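Before any comments, here is the structure.
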Amino acid sequence: MTRKVLDCLVNVHFGEAEMQPAWMEKVRDDYFKGPEAMFAPVDLAELLDEMDEQGVQKAILMDNLSKPSVTARKFVEARPDRFALAMGGVNLLRPIPSLRELAAVAADLPVVYAVVGPSFWGDGQYPPSDAVYYPLYTKCAELELPLCVNTGIPGPPIPGEVQNPIHLDRVCVRFPELRLCMIHGADPWWDIAIRLLIKYQNLRLMTSAWSPKRLPNSLLHYMRTRGPNKVIFGSDWPVLTMRRVVPEAYALDLPSEVLDNYLYNNAAEFFFGGPEQER
């Protein structure tokens with residue numbers, strides 16, 4: 001049986017750079033054991049073929065305010081029925097011009113969430129509870145734009161403590177209007193993430209960059225019991241291909257309706273306002 005899938009984190013911009021930073025190559029080679037083709041330019045027809053093969057109705061492509069992805073925007077323009085955008089690159093140290101640009105881009109392009117990685121800017125010294133993020137939280141709440149925040153220890157050799165999900169506890173208290181999603185799992189702090197998901201109605205978790213067969217039993221138990229509507233699928237393609245992770249998701253010990261929620265319904269509701277709007 002082929003199920004509908006929303007892949008909520010796809011990278012098509014890697015091939016735009018002539019050379020990747022050394023840390024990106026290290027992540028590919030040492031952490032994910034990925035192929036050299038991971039950083040190759042992406043062909044639209046080939047990506048659509050993989051999506052069609054795996055039942056992926058739509059993919060959310062990573063983009064960036066400070067370095068816009070020509071490929072992502074070209075794909076969205078060519079196939080708005082199959083692609084939407086996630087927007088990173090907000091300058092949190094000089095936020096006002098950057099947030100004005102975010103609002104303008106979100107009004108002009110199909111941006112369905114903003115994204116920030118605490119370990120990946122400011123030398124990893126600002127946890128999400130720091131007030132430096134507050135303008136971003138406020139703007140996303142005003143725009144009714146979900147915000148995704150990296151959680152869990154990152155693959156590159158950069159500081160990881162700021163991505164402990166406990167830092168989102170204060171954020172959820174102070175910004176209950178903000179739709180917030182932890183992305184890239186929460187390893188090794190899965191239990192903290194699950195407790196926060198139970199505690200806060202506006203919080204979600206995306207398993208991007210995680211092989212479904214490697215997800216912890218505690219998370220699968222939560223999905224089967226108290227959290228059938230809280231966990232969202234994402235591949236982090238091409239780091240993990242759809243051809244790998246979609247079949248692995250099918251093989252999880254989840255009830256049919258929970259699997260459908262994980263692969264499609266939860267993302268359609270959280271990022272698109274419901275299945276009808278997503279279509």
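Counting begins at 1 with the first residue of the sequence. Note that the structure is predicted; figures quoted are calculated from it, not measured.
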side-chain contact (heavy atoms from CB on, under 4.5 Å), that's the test. Do Val162 and Gln125 meet it? Break it down for me.
CA-CA 7 Å; Val162 291; Gln125 61 179 317; 5.9 Å; no

Just verifying a value: how many Å separate [X] [atom1] and [Y] [atom2], rounded to the nearest 0.5 Å?
X      : Y      : atom1 : atom2 : answer
Arg82  : Met51  : CZ    : CE    : 4.5 Å
Ile60  : Cys8   : CD1   : SG    : 4.0 Å
Arg224 : Leu219 : CZ    : CG    : 9.5 Å

Which class fits the ring pair Phe83 and Phe75: parallel under 30°, tilted 30 to 60°, perpendicular over 60°?
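Ring orientation, 0 to 90° scale: tilted.
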
Students often mix this up, so state it plainly: with edges at 30° and 60°, are the rings of Tyr137 and Tyr134 parallel, tilted or perpendicular?
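Ring orientation, 0 to 90° scale: tilted.
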
Distance alone, cut at 3.5 Å: any donor-acceptor contact between the side chains of [X] and [Y]?
X      : Y      : answer
Arg3   : Ser256 : yes
Asn261 : Asn229 : yes
Asp63  : Ser69  : no
Gln163 : His184 : no

Whether the side chain of Asn202 engages the backbone of Glu177 through a donor-acceptor N/O pair (distance < 3.5 Å, no angle test) should be reported.
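No, Asn202 side chain to Glu177 backbone: no donor-acceptor pair under 3.5 Å.
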
Indicate yes or no for a side-chain donor-acceptor contact from Arg204 to the backbone of Met182 under 3.5 Å, with no hydrogens or angles considered.
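Not confirmed, Arg204 side chain does not pair with Met182 backbone.
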
Under a single-linkage definition using a 4.5 Å side-chain heavy-atom cutoff for Ile, Leu, Val, Met, Phe, Trp and Tyr, are Val90 and Val105 assigned to the same hydrophobic cluster?
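Yes.
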
Hydrophobic cluster membership, with links at side-chain heavy-atom distances under 4.5 Å among I/L/V/M/F/W/Y: are Val70 and Leu85 in one?
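In one cluster with Val70: Leu85, no.
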
Aromatic ring proximity Tyr113/Phe270, centre distance under 6.0 Å
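They do not qualify: ring centres at least 6.0 Å apart.
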
Decide salt bridge (Lys or Arg N to Asp or Glu O under 4.0 Å) for Lys139 and Glu142; before the verdict, give the C-alpha distance in whole Å, the side-chain angles of both, and the deciding distance to 0.1 Å.
CA-CA 5 Å; Lys139 179 57 67 175; Glu142 289 177 349; 3.4 Å; yes

